[in-house]
Structure formats: structure tokens, C-alpha cells
Amino acid sequence: MRWDPLKIGAGGFLTGIDFDPAGATYVIRADTYGAYVGNGSDVWTQVVRSDTLPASALRGHVVKDAPWLSQGVYEIRVAPSNPKRLYMIFAGSIWRSDDRGTSWSAAGAGYVAGALDPNDGYRTNGEKMAVDPANPDVVYAGSAGGLYVTTNAGASWSLVGAIPAPTPAAMGITGIVFDPIGGATRGRTRTLFATSNGNGVYRSTDAGVTWSLLPGGPKSCAHAAVAGDGVYFMLDGDASNTVYRYAHGAWATSLAHPAPDGDVRSIAVDPFDPARVIVGRGSGHLSISTDHGVSFTGWNWAQTRTATDVPWLAAANEASMSNAQMRFDPVVRDKLWFVEGIGVWYAMSPKTGRATAWISRNLGIEQLVGWDVLVPPGSPYVFTAGMDRCVFRGSRANSSYPSDHVKMGSTEALIPAWALDYSKANPQHVVAIVNDVAYYPHPAGDLSGYSLDGGATWKRFPAQPATGAGGNIVAPSIDNIIAVIGMDGYAYRSTDRGASWSRLPGVPGGLHGGGWAVTKQVLAVDGVDGNTIYLYATGNGIWRSTDGGATWARRSTQTTLGDYFHTKLRSVPGRAGHLFLASGKVGWQHPNPHDGAYLYRSTDGGATWTRVTGIGEPYDVAIGKEAPGQAYPAIYVVGWYEGAYGIWRSIDNASTWTSIGEFPYGSLDQINVLKAATDVYGEVYAAFQGSGWARGSVR
């Protein structure tokens with residue numbers, strides 16, 4: 001089986017960037033999954049993979065959810081004097097690579113991370129770790145408990161007692177930067193800075209032997225940088241329009257914009273001109289200083305985006321570009337790098353009074369949260385639903401990136417989509433659950449809808465089924481549509497293509513309970529009879545309608561242990577009454593596979609159920625086209641078989657199972673959903689928790 005990333009492209013929040021002075025190695029970190037390495041011009045490569053981390057870490061990951069490897073990277077840095085040497089704070093520890101991320105070894109003995117979260121509200125704060133420019137074995141790393149240092153490349157770490165723990169702890173230690181201007185002693189750079197958030201900025205001028213608080217400075221730091229002439233710049237982590245600079249033993253301040261607007265997120269100092277400083281607003285707009293930060297020009301509100309690599313990035317509704325960090329390229333003069341909410345960009349010669357032209361550099365990056373994937377039979381397209389960017393119609397051949405994403409007529413940038421289905425009577429008819437998440441400041445609202453032309457154009461349902469985040473949907477016919485909506489999880493039916501909806505009679509609520517971040521799929525249309533529809537009710541059993549959803553009756557009391565997170569109910573194409581029920585991921589920090597979380601099947605329309613032997617805690621089950629020479633459709637499961645984790649395939653009606661990959665293309669990210677093509681044998685898709693989608697195919 002061959003697995004590849006499905007080409008959707010970038011999309012998620014990239015939260016930091018670093019590189020060495022020679023420009024040999026560039027690294028970027030993400031808030032949902034992993035980090036990437038490149039040379040600034042080629043395809044980015046994910047460094048958190050099954051073939052890069054030690055086998056012991058992988059075994060711990062699949063035997064018990066600790067450490068949880070399917071998460072973002074808190075910090076990653078390149079050694080200035082050795083571009084092959086990388087350090088990474090990930091999964092609660094520190095890792096070291098001596099080959100640009102091709103392999104990693106544990107390097108966190110003695111380091112206690114505490115409550116560090118790569119996806120919390122402080123994730124874009126920067127310089128949480130720094131490697132000594134004079135010595136790649138000397139590293140300072142922040143944690144929730146204080147500042148740690150190693151002098152032996154991570155063989156051991158010790159807490160710097162002179163610097164207090166941050167308050168709040170989650171803000172950690174930031175603004176850790178070296179000042180090479182002061183020279184070195186004993187093979188270590190003399191001068192370095194670190195901010196204990198809530199306490200202030202500390203400096204050492206004797207290579208870390210002693211530290212002193214710099215009075216008069218800010219209490220917290222969002223980002224910091226040292227100019228080529230030794231001036232230390234930082235953005236106040238509490239008053240985000242204020243730029244601080246420390247020079248000649250004193251602090252001075254200036255405003256990034258004449259009228260404080262509280263939205264300055266990043267700062268970059270030109271390595272070719274220490275007097276030139278640029279700050280970036282949360283929206284990506286720039287303000288420039290040419291006098292060492294004494295004064296700034298004010299916001300340049302004009303900006304453009306070009307994305308010839310991943311075209312939809314330029315077409316996205318991005319009035320605000322969710323600024324995380326900016327840095328000038330160390331080699332190419334006047335090239336400004338920018339990592340933000342939908343990827344990594346650069347601009348050449350940004351100037352006041354001229355539109356900033358951002359250019360995408362995102363090949364190889366896949367960072368969207370995937371909630372669903374759909375493969376209509378006979379279609380050249382594969383559809384994805386996910387967080388932030390609604391629905392994409394991608395190339396089923398995986399030959400190109402989408403030119404845009406579905407917006408459902410909304411001008412909002414953030415439009416999450418949760419579930420997809422096609423009409424069994426007409427696969428050109430595609431339906432989608434598209435609705436808001438309460439924590440978005442400008443929620444898109446309820447935008448669920450349909451396409452009648454294979455996803456080329458979309459319309460909102462004239463009336464929305466209900467209000468709420470999340471959901472599940474099936475389309476027994478073009479006009480007959482059933483949807484589960486929101487966290488209260490009631491089911492609704494429309495017989496007029498979404499013009500009106502009514503709650504299913506007799507069916508309980510709570511069908512999608514467990515929070516918005518779940519991928520339950522509890523509706524299934526029979527594999528033969530489109531008027532027979534099944535529904536799994538949390539803790540209540542299996543319900544069935546034989547009249548297209550007009551009336552319902554409980555078929556059995558069958559339940560599964562995974563009700564909270566990711567329960568899946570699947571029908572078998574071409575087999576009347578054949579169903580599978582997967583428990584899904586049961587929860588966090590438990591032994592895998594969780595005892596009691598099983599795969600069940602029914603061959604009598606859900607009346608009776610039997611456990612599929614050997615399968616434990618299946619995250620999902622997918623049914624695809626039968627293998628050559630076989631009569632029963634192929635069955636795919638992501639979970640555990642006989643105690644071994646992976647994606648498993650059976651071509652003989654669940655009698656025997658074959659592994660088709662432990663981790664698709666090496667990704668350790670959690671698989672939310674598994675789907676298989678019903679018209680091509682061996683074509684399988686996986687939706688990941690934070691890094692997009694994967695496509696599998698028979699070699």
C-alpha cells in the first residue's frame with residue numbers, strides 16, 4: 001500500500017520560524033501537528049514522523065497515549081554554528097537531531113516542561129529556546145517552571161535558579177536570545193537575554209554564570225530580537241502596541257503605531273541594517289522604523305497575496321493573516337519571512353507607501369484539521385471537510401492543489417465543515433454540514449448546504465436544520481436529507497432539499513454529544529435500500545427507519561464504549577442490512593487498545609450484533625470496493641488488531657486481516673476518519689486530527 005499526503009496544502013497555524021545565519025536550514029513549527037524543515041526554496045519536509053523518532057517513543061505512543069505524539073511542536077531551533085543540529089521541545093520533552101531532522105534522539109534528561117501547550121493562547125509567543133551561536137552544545141530552554149540550560153547537547157539539563165518561574169506558568173520563558181556582539185568566554189557567548197513572563201527581562205553578561213533583572217523593562221515578552229549592533233528589541237507581551245529596546249544600559253519605548261490598537265504580534269530586525277526594524281500587526285500589516293525603533297511609519301494597510309504553489313491560499317478570505325512571527329532572511333537581502341494562520345510567506349523589499357506583496361512558500365505543508373472525507377463513485381474528485389476552511393474539492397488522482405475552498409456565500413475567513421455525504425441516487429449530489437464554532441470572534445453562522453453538480457457550485461439549504469457546532473449528514477435522495485446538528489445532537493429531516501426541517505419523531509437527542517471536537521458519524525443509509533436508514537443514539541442503541549426517515553423504531557440496545565469521542569456507524573454497499581459499528585477513540589491517557597472498545601457488525605439491519613474478533617478500539621471502519629476475485633467488499637479499520645496498532649484490511653469478509661500501514665506516510669497524527677472508494681479497489685483516505693488528509697492506494 002502506498003500512502004501520500006492528499007494535496008490540499010498548508011491551511012493551519014504555523015507559529016514560529018528559525019534558521020541559521022548561513023541560510024542552510026530553515027525550520028517552522030505548527031500548533032496542531034509537528035514541524036517542518038527546508039532550505040527556504042524547496043519543498044518543506046515534516047520532521048515528526050515514525051521514521052524520525054526513536055522506536056521507543058512510538059511504542060509508548062501506541063501502547064498508551066503518553067507521550068501524545070499527535071500534537072504541535074512547542075519550539076524548534078537551529079544551531080547557528082551547525083545547521084545540521086536541531087533542538088525541539090515536543091511532547092513534553094526536548095529532542096535533538098544531528099542530521100536536519102532526519103532522526104531524533106531524546107535530549108531532555110532533567111528538563112521538566114510542565115504545562116506547556118503548543119496550541120494554547122500563547123502559542124505564537126517566540127524565542128522559547130535558543131542555541132548558543134558559539135557552541136551548539138549549549139542551549140537554553142523555557143518551561144512552565146523556569147529556564148533550563150544544557151552544556152552537553154541535552155545529555156543533562158539544570159534549572160537556572162536565578163530566574164523565577166513564569167506567572168502564569170503557561171506563558172513560559174520567552175525572548176531567549178543571544179547577543180554575539182559581546183563576544184565569547186570559555187567557548188560560550190557572553191551576553192544573553194530571557195524573559196520570565198510576569199517577572200521581567202533578565203540578562204547575563206558572563207555566559208550564564210550570573211543573571212540580573214533589567215529594571216524598567218516590561219514584565220512579559222511576545223517576541224524579541226537582537227540587532228547587529230547589539231540593541232535588544234522586544235514586544236511587550238501585555239501591551240502589544242509597545243516596542244521596547246535596551247541599549248547602553250537603559251530601556252526606551254516607542255509605539256508601533258501612533259494610536260495604540262493592541263494588535264502588534266511580531267518584530268524583525270534587518271541583519272543588513274541594524275537601524276531597520278519592522279513590526280507586524282495581527283492582520284499581517286507592517287509598520288517600519290529606519291531609526292533603531294525610535295519612530296515607526298504607521299501601518300501600511302495595502303497588501304497582496306500570490307500563491308502559485310497552493311492556489312487556494314491566495315483566494316482565501318484573509319483580511320487578517322493571523323500573524324505569528326516575522327524574520328528577515330539571513331542571506332537574501334530585504335527578504336522578510338512571515339509565518340501565520342494559513343502558512344508561510346515572504347515579501348521582497350517591504351516599504352512604507354507600497355503594498356506588501358506576500359508570496360506563498362507552502363509546498364509540503366499540510367496543517368488543516370480533518371473532520372471528514374468523501375469519495376463519490378465515478379467522480380474525479382475527493383471532497384474534504386475540516387476546521388477553518390470549510391470544504392475542498394481536491395484531485396482524486398492527487399495531481400494538483402485546489403484553486404479555492406467552498407465559502408457558501410460567506411465573507412468570513414473561518415468556516416468549519418464537519419461532515420459530507422453524496423446521494424446514493426445521484427453521486428453528483430453532495431451535501432455538507434457547515435456551521436460555526438462559538439469561540440470564533442466572527443462566526444460564520446450556520447451554512448450547511450449542497451451541490452448538484454459534483455461540487456462545482458454550492459447552495460446553502462434555504463433553511464438550516466438547527467444551530468450549533470458539529471454534526472453528521474446523509475442524503476438518501478436529492479430531496480430527502482437527514483442531519484444531526486450541534487452539541488445537543490438532535491436529528492432533523494428535510495424532504496424538500498433543505499427548504500424545511502423537522503425533528504425525527506421518537507429519536508432521542510445527544511446524538512453528537514461530547515463537544516464540538518468530535519468526529520462521530522452516527523447516520524448510515526442501507527447499502528441496497530435507500531429508504532432504509534440507520535442511526536446510532538449515544539447510550540441508547542440502534543434506530544432504524546424503513547420509510548426514508550418518516551418514522552423510526554429502536555432496532556436494538558447495542559452500544560459501544562467510545563460514545564464520548566468518535567463512534568462511527570457504517571453500512572456495507574451492495575449488502576442489505578449489513579452494518580459495522582466502531583467504538584472510535586475512547587479518550588485520552590488510557591492503555592491502548594482500551595478494554596471494551598470493539599468493532600461490531602450486524603447482518604440483519606442492526607437487530608443483532610457480533611464482535612469482530614481481534615479488533616480493538618477501532619477509530620473508524622471503512623468499506624470499499626471488493627478485491628479482485630473476491631465477492632465481499634473490502635473492509636478497512638484503523639485501530640488495533642491482535643494488540644498491534646495500524647490500518648488493517650480484510651478482503652475476505654473479516655476472516656483475516658493484513659496490515660496496510662502502521663502510520664500513513666510516517667505521520668503520527670491521530671486519524672479521525674477513514675473512508676474507502678467503492679468504485680476502485682484499494683483507494684483509501686484518512687482525515688487527520690491536525691495535518692490534513694492522506695491518500696492510500698494499492699501499489
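These values consider heavy atoms only, across backbone and side chains, with no hydrogens, waters or symmetry-generated copies. It should be emphasised that the depicted structure is a prediction, and the values quoted were computed from it without experimental measurement.
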Please round to the nearest 0.5 Å and tell me the distance separating atom [atom1] of [X] and atom [atom2] of [Y].
X      : Y      : atom1 : atom2 : answer
Ile542 : Thr608 : CD1   : OG1   : 11.5 Å
Arg570 : Tyr636 : CZ    : OH    : 14.5 Å
Ile671 : Ile647 : CD1   : CD1   : 4.0 Å
Phe688 : Asn672 : CZ    : CG    : 9.5 Å
Asn480 : Asp496 : CG    : CG    : 10.0 Å
Leu668 : Ser691 : CG    : OG    : 9.5 Å

Validation row: [X], [Y] side chains within 4.5 angstrom (heavy atoms):
X      : Y      : answer
Pro376 : Phe383 : yes
Pro476 : Ile533 : yes
Phe580 : Val612 : yes
Lys520 : Tyr536 : no
Phe663 : Trp3   : no
Val698 : Glu683 : no
Val684 : Met1   : yes
Thr384 : Tyr685 : no

Notebook entry, point to check: Can you list the steps and then say if Ile615 with Trp657 is a side chain to side chain contact (heavy atoms under 4.5 Å, CB included)?
Noted result: CA-CA 10 Å; Ile615 299 295; Trp657 296 88; 4.1 Å; yes
Where the side chain of [X] meets the backbone of [Y], is there a donor-acceptor pair that is under 3.5 Å apart?
X      : Y      : answer
Arg49  : Tyr665 : no
Glu366 : Gly9   : yes
Asp620 : Leu674 : yes
Arg554 : Asn540 : yes
Trp458 : Gly409 : no
Glu617 : Ser583 : no
Ser650 : Ile635 : no
Lys675 : Val373 : yes
Ser494 : Ile481 : no
Arg493 : Gly548 : yes

Parallel, tilted or perpendicular: which fits the ring planes of [X] and [Y], with parallel below 30° and perpendicular above 60°?
X      : Y      : answer
Tyr450 : Phe461 : parallel
Tyr619 : Trp640 : perpendicular
Trp371 : Trp418 : parallel

Which heavy atom of [X] sits nearest to which heavy atom of [Y], and what is that distance?
X      : Y      : answer
Arg305 : Ala316 : NH2-O, 2.8 Å
Pro573 : Pro633 : O-CG, 3.7 Å
Met408 : Ser448 : CE-C, 4.1 Å
Val673 : Lys568 : CG2-CE, 4.0 Å
Arg503 : Tyr490 : NH1-CE2, 3.4 Å
His578 : Tyr632 : ND1-OH, 2.8 Å

Check the side chains of [Y] and [X] for a donor-acceptor pair under 3.5 angstrom, ignoring hydrogens and angles.
X      : Y      : value
Ser602 : Asp604 : yes
Thr15  : Asp31  : no
Asp453 : Ser451 : yes
Gln367 : Thr32  : yes
Gln521 : Asp372 : yes

Margin query: If the condition is salt bridge (Lys or Arg N to Asp or Glu O under 4.0 Å), which residues does Asp526 pass it with, not counting sequence neighbours?
Written below: none
Check: Can Val572 and Leu579 be said to form a side chain to side chain contact (heavy atoms under 4.5 Å, CB included), step by step?
Finding: CA-CA 6 Å; Val572 180; Leu579 301 168; over 6 Å; no
Item checked: Trace of the side chain to side chain contact (heavy atoms under 4.5 Å, CB included) decision for Asn531 with Thr546 -> CA-CA 6 Å; Asn531 283 317; Thr546 58; over 6 Å; no
Margin query: Looking at Lys424 and Asp421, is there a salt bridge between them, counting it only when a charged N and a carboxylate O are closer than 4.0 Å?
Written below: yes
Item checked: Basic-acidic side-chain contact under 4.0 Å: Asp446, Arg460 -> no
Next item on the list: In sequence, state the C-alpha distance, the side-chain angles, and the governing distance for Gln46 and Tyr33, and then conclude on side chain to side chain contact (heavy atoms under 4.5 Å, CB included).
Entry: CA-CA 9 Å; Gln46 174 66 248; Tyr33 178 70; 3.7 Å; yes
Margin query: By the definition side chain to side chain contact (heavy atoms under 4.5 Å, CB included), identify the one residue from Ile433, Val406, Asn435, Val434 that meets it with Leu447.
Written below: Val434
Note to self: Show every salt bridge (charged side-chain N to carboxylate O under 4.0 Å, His left out) that has at least one partner inside residues 653-669, sequence neighbours left out.
What the structure shows: Arg59-Glu662
